Colleague: 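This is the structure I have questions about; it appears just below.
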Amino acid sequence: MNTMKHFSKKILQADSYGPVFMYATHRELACAPRHIIRMTEPVNPELLQQAAQRALERFPQMRVGLSRDDDAYRYYFNPLPPVVLPFSDVSPYYIGSKDNNGYLFTLGWKDKTIYMEYQHSLCDGHGFDQFIRAVLFEYLTLCGKPVCNDGSIRTHETEFQLSECEDGYAKLDQANPSEEGHYTVEKSFHAPVADREGNERMTEITFPYSELRNWTHAHGASPISLLYTAISFALYHTYYTEQDADTPVVAEIPMDLRQIVPSDTTHFFVSLLDLPFEYDWFSLPFAEACQKVRAMFDTQRAPRHAAYWGKAGSTRVSEGHHAEMSIDEKETMMRDMARNYVYRDSFILTNIGRFDIPESMQAYIEDYGAILPCGYQPFGILISSYQGVMKISLAQREDTVALSDAILAQLANCGIHANTKVYTYHPTRYEGKRLMKRPARLQRTARKSIKAEKLTGRHVKRSRVYSRSAK
């Protein structure tokens with residue numbers, strides 16, 4: 001397939017919400033989530049690079065770099081080959097920089113492990129999952145493995161469609177957005193944060209999904225309500241003091257909006273819901289607290305409300321992205337917005353669900369997991385599963401076992417037998433000023449494009465942006 005034949009200006013257009021990650025850094029937001037795939041055999045980096053090249057032919061929306069222009073960040077077509085980097089748990093790299101030829105995804109390897117990361121402005125977890133599985137399929141094919149696409153992987157058997165990079169937020173009116181039942185965050189508990197630049201402590205907590213399912217079915221709970229309740233009780237027993245009385249835990253939980261408005265897009269398309277664990281729920285029996293959480297979550301993830309909150313957030317970000325401001329002013333504004341928004345909540349809890357791959361590929365992939373960096377928060381928590389094993393990835397600023405031990409104790413009380421793996425981790429960094437410069441032959445085209453953008457009135461007045469609250 002000829003990538004340029006399928007390339008168009010639409011591929012270079014950002015969605016309405018993702019640009020907040022362009023202006024932020026790894027200090028404010030989880031700009032570069034990491035996916036870790038452990039293979040059954042040592043990784044061949046040359047074949048992995050070829051696999052990424054083939055996948056990019058099918059995913060031209062991933063073949064972009066990011067340019068820090070005078071007034072905004074903009075995507076550009078990246079003609080350079082993708083890079084496969086020697087990798088480790090503590091990353092020394094900057095995503096989008098010369099480290100990886102300006103790409104907004106990182107591809108690395110060490111022994112039997114493949115590491116893949118993405119700059120969150122380009123896609124969300126669901127979108128990047130499509131690209132991960134395509135790279136793995138191409139890699140195993142090049143390795144001579146007898147793998148077969150069951151139709152779930154976007155390979156060269158199908159052609160790229162512009163709907164795969166559409167702005168899903170533009171379709172949210174189809175869900176009749178409504179703020180009915182909206183939970184307004186007035187206060188939330190915050191664990192102490194001493195250092196937002198150093199390494200993070202990573203604890204992987206794994207257990208059989210069947211044990212979790214058995215408990216939830218018996219007690220009228222759901223997987224997310226059980227895990228969130230266990231984490232909240234663990235926070236209570238680890239950090240709460242008398243001064244924290246009556247203060248709820250509030251988790252920010254990203255919800256995939258494709259469940260409400262179907263879309264093939266790989267771009268960012270989530271609603272960042274607020275889910276409280278009220279202080280008085282700590283005095284309830286564990287099962288009853290789980291039921292309270294489940295009922296509350298049902299109100300926040302109701303289709304009309306999730307659409308309302310997703311549209312509100314995307315409108316706020318889009319106005320900032322297109323404001324008539326200098327890049328320095330815009331970065332200051334957007335970073336303040338990001339810090340204020342994420343710090344309303346206690347932490348981010350992301351459930352990316354099950355890693356589904358064709359059965360023919362499973363024999364060559366031993367383990368899968370993902371990490372949500374802490375960003376501005378004291379910790380980030382990501383839940384994933386593969387082949388019947390559920391994994392909680394707990395990234396912490398504080399180097400202590402207290403919180404993870406408390407979570408294990410709560411799970412054990414539910415008959416869930418968990419194992420742990422602990423190691424030191426540092427996310428790949430992101431900083432706009434460290435982006436690789438746009439290739440010289442694309443500079444002239446970029447200047448024409450920026451001029452046309454301004455003439456079509458895509459910018460909004462700065463007063464409209466400053467008048468919006470960070471909430």
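Below, each value reflects all heavy atoms present in this structure, side chains not excepted, and no hydrogens, waters or symmetry copies. This chain uses plain numbering: 1 for the first residue, then up along the sequence. On a predicted model such as this, the values are computed, not experimentally measured, just so you know.
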Colleague: With heavy-atom distances below 4.5 Å as the criterion, would you say the side chains of T428 and F87 are in contact?
Modeller: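 SC-SC contact between T428 and F87 confirmed.
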Colleague: Quick test of your reading of the model: are E164 and R58 salt-bridged, counting only N-O distances below 4.0 Å?
Modeller: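 Yes.
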Colleague: Run the side-chain contact (heavy atoms from CB on, under 4.5 Å) check on E204 and I392 step by step: do they pass?
Modeller: CA-CA 6 Å; E204 294 181 355; I392 301 174; over 6 Å; no
Colleague: Does one side chain, of T332 or E329, offer a donor that lies under 3.5 Å from an acceptor on the other?
Modeller: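 Their side chains do not contain a donor-acceptor pair, so the 3.5 Å distance test is not met.
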Colleague: Look at the aromatic rings of F59 and F131 and report parallel, tilted or perpendicular, splitting at 30° and 60°.
Modeller: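 Answer is perpendicular, since the angle exceeds 60°.
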Colleague: Are D71 and R74 within salt-bridge range, i.e. N to O under 4.0 Å?
Modeller: yes
Colleague: Under the criterion salt bridge (charged side-chain N to carboxylate O under 4.0 Å, His left out), I'd like the reasoning laid out for E166 against K171: C-alpha separation, chi angles, the key distance, then a yes or no.
Modeller: CA-CA 10 Å; E166 68 184 3; K171 302 169 65 175; 3.1 Å; yes
Colleague: Counting C-beta onward and ignoring hydrogens, is there a side-chain heavy-atom pair between R54 and V135 closer than 4.5 Å?
Modeller: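 No, their side chains stay 4.5 Å or more apart.
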Colleague: Closest heavy-atom contact between T238 and L403?
Modeller: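 The answer is OG1-CA, 3.9 Å.
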Colleague: Considering only heavy atoms from C-beta outward, does the side chain of H190 approach that of V249 to under 4.5 Å?
Modeller: no
Colleague: Should D256 and R301 be marked as a salt bridge (charged side-chain N to carboxylate O under 4.0 Å, His left out) after you check the CA-CA gap, both sets of side-chain angles, and the distance that decides it?
Modeller: CA-CA 10 Å; D256 185 357; R301 66 177 179 176; over 6 Å; no
Colleague: Just by distance, with hydrogens left out, do H417 and E211 show a side-chain donor and acceptor under 3.5 Å apart?
Modeller: yes
Colleague: If we ignore hydrogens and angles and just use 3.5 Å, is the side chain of R316 paired with the main-chain N or O of K311 as donor and acceptor?
Modeller: no
Colleague: Check for a donor-acceptor pair, side chain of S271 on one end and backbone N or O of L273 on the other, with a separation under 3.5 Å.
Modeller: no
Colleague: Of the non-hydrogen atoms in P45 and V84, which two are nearest, and what is the gap between them?
Modeller: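 Where P45 meets V84 most closely, the heavy atoms are O-CG2, 3.9 Å.
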Colleague: Taking only residues two or more places apart in sequence or in another chain, which ones pass salt bridge (Lys or Arg N to Asp or Glu O under 4.0 Å) with D274?
Modeller: R344
Colleague: Just by modelled atom types, is the T113 backbone N or O under 3.5 Å from a matching donor or acceptor in the D111 side chain?
Modeller: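 Side chain of D111 to backbone of T113, a donor-acceptor pair under 3.5 Å: no, none is there.
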Colleague: Taking it one step at a time, do E398 and R201 satisfy salt bridge (charged side-chain N to carboxylate O under 4.0 Å, His left out)?
Modeller: CA-CA 7 Å; E398 188 179 25; R201 176 190 178 89; over 6 Å; no
Colleague: For a side-chain contact (heavy atoms from CB on, under 4.5 Å) check, start with the C-alpha distance between L140 and M39, then their side-chain angles and the critical distance, and finish with the verdict.
Modeller: CA-CA 10 Å; L140 290 172; M39 312 299 286; 3.9 Å; yes
Colleague: Are any non-hydrogen side-chain atoms of F21 and Y430 less than 4.5 angstrom apart?
Modeller: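 No, their side chains stay 4.5 Å or more apart.
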Colleague: Here's a test for you: under side-chain contact (heavy atoms from CB on, under 4.5 Å), which of I114, I352, I371 qualifies with H35?
Modeller: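 The side-chain contact (heavy atoms from CB on, under 4.5 Å) with H35 is passed solely by I352 among I114, I352, I371.
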Colleague: Between CG of L235 and CZ of F347, what distance do you get to the nearest 0.5 Å?
Modeller: 5.5 Å
Colleague: Could you tell me if S326 and D328 have a donor-acceptor pair between their side chains, going purely by distance under 3.5 Å?
Modeller: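 Side-chain D/A pair, D328 to S326: absent.
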Colleague: Do you know which two heavy atoms are closest between P19 and A14, and how far apart they sit?
Modeller: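 Minimum heavy-atom separation between P19 and A14: CG-CB, 3.8 Å.
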Colleague: Would K421 and I205 satisfy side-chain contact (heavy atoms from CB on, under 4.5 Å), going step by step from the backbone distance to the final call?
Modeller: CA-CA 7 Å; K421 176 184 176 182; I205 303 173; over 6 Å; no
Colleague: Is E41 salt-bridged to K145, cutoff N-O under 4.0 Å?
Modeller: yes
Colleague: Without hydrogens or angle criteria, can the side chains of D150 and S152 be said to hold a donor-acceptor pair below 3.5 Å?
Modeller: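 D150 vs S152: donor-acceptor pair found between side chains.
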Colleague: Can a side-chain donor-acceptor contact be found between Y75 and S121 if the only test is distance below 3.5 angstrom?
Modeller: yes
Colleague: Taking R434 for the side chain and G96 for the main chain, is one N or O donor matched with an acceptor at less than 3.5 Å?
Modeller: no
Colleague: Check whether any side-chain N or O of E28 sits under 3.5 Å from a backbone N or O of T25 as a donor-acceptor pair, and report yes or no.
Modeller: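 Judged by distance alone, yes, a pair lies under 3.5 Å.
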Colleague: Short question: side chain of Y386, backbone of I365 - any donor-acceptor pair under 3.5 Å?
Modeller: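 Side chain of Y386 to backbone of I365, a donor-acceptor pair under 3.5 Å: yes, one is there.
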Colleague: Would a distance-only check, ignoring hydrogens and angles, find a side-chain to backbone donor-acceptor pair under 3.5 Å from D99 to Y93?
Modeller: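 A pair under 3.5 Å: no.
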Colleague: Considering non-hydrogen atoms only, spot the tightest contact between R354 and S385 and give its length.
Modeller: CA-OG, 3.3 Å
Colleague: Looking at every heavy atom in both Q61 and C165, which two are closest together, and how far apart are they?
Modeller: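 Shortest heavy-atom contact: CB-CB, 3.9 Å.
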Colleague: Would you compute the distance between atom CZ of R213 and atom CD1 of I416 and round it to the nearest 0.5 angstrom?
Modeller: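 Separation between the atoms: 11.5 Å.
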Colleague: Could you please spell out the steps behind the side-chain contact (heavy atoms from CB on, under 4.5 Å) verdict for D69 and I327?
Modeller: CA-CA 7 Å; D69 297 329; I327 189 65; over 6 Å; no
Colleague: Using side-chain heavy atoms (C-beta onward) and a distance below 4.5 Å, is F128 in contact with M62?
Modeller: yes
Colleague: Just verifying a value: how many Å separate D336 CG and M333 CE, rounded to the nearest 0.5 Å?
Modeller: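 Between D336 CG and M333 CE, I get 9.0 Å after rounding to 0.5 Å.
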Colleague: Evaluate whether atom CZ of R27 has more than 12 neighbouring non-hydrogen atoms of other residues, nucleotides or ligands under 6.0 angstrom away.
Modeller: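 Yes, CZ of R27 has more than 12 neighbouring heavy atoms, counting only those of other groups under 6.0 Å.
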Colleague: State, yes or no, whether a side-chain contact exists between Q49 and L107 at a heavy-atom distance under 4.5 Å.
Modeller: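 Q49 vs L107: side chains apart.
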Colleague: Report the distance from atom CG of N199 to atom CZ of R397, rounding to the nearest 0.5 Å.
Modeller: 9.5 Å
Colleague: Tell me the closest heavy-atom pair linking P358 and C148, and the distance in Å.
Modeller: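 Closest approach of P358 to C148, heavy atoms only: CB-O, 3.5 Å.
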Colleague: Any side-chain heavy atom of Y341 within less than 4.5 Å of one from L272?
Modeller: yes
Colleague: Could you check Q387, K112, K391 and say which one makes a side-chain hydrogen bond (donor to acceptor under 3.5 Å, both in side chains) with D367?
Modeller: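 Exactly one candidate clears the test, K391.
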Colleague: Does a donor on one side chain and an acceptor on the other come within less than 3.5 Å for S232 and T229?
Modeller: no
Colleague: Keeping H267 on the side-chain end and G18 on the backbone end, is there a donor-acceptor pair under 3.5 Å?
Modeller: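 Flag not set: sc H267 to bb G18 has no pair under 3.5 Å.
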Colleague: Under a 3.5 Å threshold, yes or no: a donor from one side chain and an acceptor from the other, between S16 and D167?
Modeller: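 Their side chains do contain a donor-acceptor pair, which is all the 3.5 Å distance test asks for.
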Colleague: Taking the side chain as every heavy atom from C-beta outward, state whether N100 and F105 have any pair of such atoms under 4.5 Å apart.
Modeller: no
Colleague: Report the relative orientation of the aromatic rings in Y118 and H120; use parallel for angles under 30°, tilted for 30 to 60°, perpendicular for over 60°.
Modeller: perpendicular
Colleague: Would you call R68 and E331 a salt bridge, using N to O less than 4.0 angstrom?
Modeller: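 Counted as a salt bridge, because a side-chain N and a carboxylate O are separated by less than 4.0 Å.
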Colleague: Can you confirm whether the side chains of Q130 and T266 place a donor and an acceptor under 3.5 Å from each other?
Modeller: no
Colleague: Working note: S222 + S225, criterion side-chain hydrogen bond (donor to acceptor under 3.5 Å, both in side chains); need CA distance, chi angles, decisive distance, verdict.
Modeller: CA-CA 5 Å; S222 64; S225 67; 3.1 Å; yes
Colleague: Using only heavy-atom distances, determine whether the side chains of Y23 and H321 contain a donor-acceptor pair under 3.5 Å.
Modeller: yes
Colleague: Checking side-chain hydrogen bond (donor to acceptor under 3.5 Å, both in side chains) for the pair S67/R438: CA distance, chi angles, key distance, verdict?
Modeller: CA-CA 6 Å; S67 175; R438 190 194 311 254; 3.1 Å; yes
Colleague: Any donor-acceptor pair under 3.5 Å linking the side chain of S393 with the backbone of A370?
Modeller: yes
